[in-house]
Amino acid sequence: MTRFMDVHHGMEGITADQLREAHEADLAIEKDEKVHFEQAWADPESGTVYCLSEAPSAEAVQRIHERAGHKADEIHAVTLSI
């Protein structure tokens, strides 16, 4: 499994409750694509949301996000970490 960091733009003013709701929507269906969403972060001022996951592919991550109602604008493989 590969780790992925995905980025969502245009979410200005997102609240902690809204971020939690979006994350929980992903968690509810993640097993359908063998994805596991580990954590999400947001900057309400810039409207940027980041999600860290483990998945078989970027496409699997995107399918879950699309079904949950918040398609990612960018998905990056995280192949190196320290």
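Hydrogens, waters and symmetry mates play no part in the numbers below; they use all other heavy atoms, side chains included.
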Legend entry - Heavy-atom side-chain proximity of Met11 to Thr48 below 4.5 angstrom: no

Inset, instruction - Would you indicate whether the side-chain heavy atoms of Asp73 and Val7 approach each other to under 4.5 Å? - result: no

Legend entry - Spatial distance of atom CG (Asp6) from atom CD1 (Ile64) [nearest 0.5 Å]: 11.5 Å

Inset, instruction - Can you measure from OG (Ser53) to CZ (Phe4) and round to the nearest 0.5 angstrom? - result: 7.0 Å

Legend entry - Exam field: side chain His8 to backbone Lys71, donor-acceptor pair closer than 3.5 Å: yes

Legend entry - pair Tyr50-His76: side-chain heavy atoms closer than 4.5 Å: no

Legend entry - Any donor-acceptor N or O pair under 3.5 Å, side chains His36, Glu30: yes

Legend entry - Glu12 CD to Ser46 OG distance, which is reported to the nearest 0.5 Å: 7.0 Å

Legend entry - Residue pair Pro56 / Glu33, side-chain heavy-atom distance below 4.5 Å: no

Inset, instruction - Measure up the Phe37 and His65 rings against each other and bin them: parallel (under 30°), tilted (30 to 60°), perpendicular (over 60°). - result: tilted

Inset, instruction - Look up atom CG in Leu52 and atom CE in Met5, then write down how far apart they are to the nearest 0.5 Å. - result: 4.5 Å

Inset, instruction - Taking atom types as modelled, find out whether His9 and Glu74 have a side-chain donor-acceptor pair closer than 3.5 angstrom. - result: yes

Inset, instruction - Evaluate side chain to side chain contact (heavy atoms under 4.5 Å, CB included) for Gln62 paired with Ile75, printing each intermediate quantity in order. - result: CA-CA 8 Å; Gln62 188 68 284; Ile75 302 176; 3.7 Å; yes

Inset, instruction - Taking only Lys NZ, Arg NE, NH1 and NH2, and the carboxylate oxygens of Asp or Glu, determine whether Asp32 and Arg67 approach each other closer than 4.0 Å. - result: yes

Inset, instruction - List the steps and the verdict of side chain to side chain contact (heavy atoms under 4.5 Å, CB included) for Leu19 and Val49. - result: CA-CA 8 Å; Leu19 180 62; Val49 172; 3.8 Å; yes

Legend entry - Interatomic distance, Ile14 atom CD1 to Glu21 atom CD [nearest 0.5 angstrom]: 9.5 Å

Inset, instruction - Determine whether Val35 and Met1 fall in the same hydrophobic cluster, where Ile, Leu, Val, Met, Phe, Trp and Tyr are linked whenever their side-chain heavy atoms lie under 4.5 Å apart. - result: no

Inset, instruction - Would you check if the side chain of Gln18 reaches a backbone N or O of Thr15 as a donor-acceptor pair within less than 3.5 Å? - result: yes

Legend entry - Residues Arg3 and Glu38 bridged, charged N to O under 4.0 Å: yes

